[in-house]
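Remarks on the structure that follows.
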Amino acid sequence: MPHRPAAYPPAYREQIIALARAGRTSKELAQEFEPSEQTIRNWSFQAQADRGERPSVLTTDEREELSRLRRENRQLKVERDILGKAAAWFARESGTIPPDSSAS
């Protein structure tokens, strides 16, 4: 599944976050620039997590790793199921198990 490109370039986000850290409110920034207030608050919140200021929140790198691991886990489960079905089919074909028994 391809990764959807960000709506705003990282450099643009960083500039908005820097302005927010300098004391500008997300409302002011939303009126002056395109992103909504909530988007700017989300960016600021995630930037704080990435800087270690919010230890209970996953950093961007941790979120990306978690997503990658979840995708990998789903793929491995599919492969395991396919291998299990193939093993059962080969066992039935070779006559080592009866056709009506369940191979779990």
Side-chain angles (χ1 to χ4, degrees):
M1 182 172 177
H3 179 58
R4 182 177 56 120
Y8 300 98
Y12 181 75
R13 289 178 183 215
E14 290 170 13
Q15 289 175 337
I16 299 289
I17 292 167
L19 291 171
R21 288 192 78 200
R24 305 269 307 268
T25 67
S26 52
K27 184 175 184 176
E28 292 171 345
L29 293 170
Q31 290 172 350
E32 186 174 343
F33 301 101
E34 190 176 323
S36 68
E37 283 182 65
Q38 187 59 50
T39 298
I40 294 169
R41 281 194 296 270
N42 291 348
W43 291 350
S44 296
F45 186 83
Q46 190 60 51
Q48 289 173 340
D50 291 346
R51 289 191 305 268
E53 296 172 7
R54 293 187 178 269
S56 63
V57 178
L58 294 177
T59 65
T60 300
D61 290 339
E62 291 169 334
R63 285 180 187 275
E64 289 172 358
E65 180 181 17
L66 182 59
S67 294
R68 181 186 59 77
L69 291 171
R70 284 180 174 163
R71 271 192 312 274
E72 185 178 323
N73 194 29
R74 276 193 306 273
Q75 182 64 33
L76 290 170
K77 285 179 179 179
V78 167
E79 291 172 3
R80 181 201 60 205
D81 292 344
I82 290 170
L83 288 172
K85 289 175 184 178
W89 184 82
F90 281 115
R92 274 194 301 279
E93 287 296 309
S94 66
T96 57
I97 62 170
D100 291 339
S101 76
S102 67
S104 297

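Source: prediction; values computed, not measured.
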Are there over 12 heavy-atom neighbours, none belonging to R51, within less than 6.0 Å of that residue's CZ?
yes

Using a 4.5 Å cut-off on heavy atoms from C-beta on, say whether the side chain of I40 contacts that of F33.
no

On a heavy-atom basis, the closest approach of L29 and I16 is CD1-O, 3.8 Å

So do D61 and E65 actually touch side chain to side chain, heavy atoms under 4.5 Å?
no

Does E28 have more than 12 heavy atoms from other residues, nucleotides or ligands lying within 6.0 Å of its CD?
yes

For W43 and P35 the tightest heavy-atom approach is CH2-CG, 3.7 Å

Give, for atom CG of N73 and atom CZ of R70, the distance between the pair rounded to the nearest 0.5 Å.
9.5 Å

For the residue pair Y12 and E34, what are the closest heavy atoms and their distance?
OH-N, 3.6 Å

Qualifying residues under side-chain hydrogen bond (donor to acceptor under 3.5 Å, both in side chains), relative to R21, sequence neighbours excluded
none

Name of the residue among E62, R63, Q48 meeting side-chain contact (heavy atoms from CB on, under 4.5 Å) with V57
R63

Does the side chain of N42 pick up a donor-acceptor pair with the side chain of Q46 at under 3.5 Å?
no

Nearest heavy-atom approach of S36 to A30 is C-CB, 3.9 Å

Check the side chains of Q38 and R41 for a donor-acceptor pair under 3.5 angstrom, ignoring hydrogens and angles.
yes

Taking the basic N atoms (NZ, or NE/NH1/NH2) and the acidic carboxylate oxygens, is any pair closer than 4.0 Å for E72 and R68?
yes

When rounded to the nearest 0.5 angstrom, what distance separates CD1 in I82 from CH2 in W89?
15.0 Å

Just verifying a value: how many Å separate R71 CZ and L66 CG, rounded to the nearest 0.5 Å?
10.0 Å

Can you find a heavy atom in the side chain of L19 that is under 4.5 Å from one in the side chain of Q15?
no

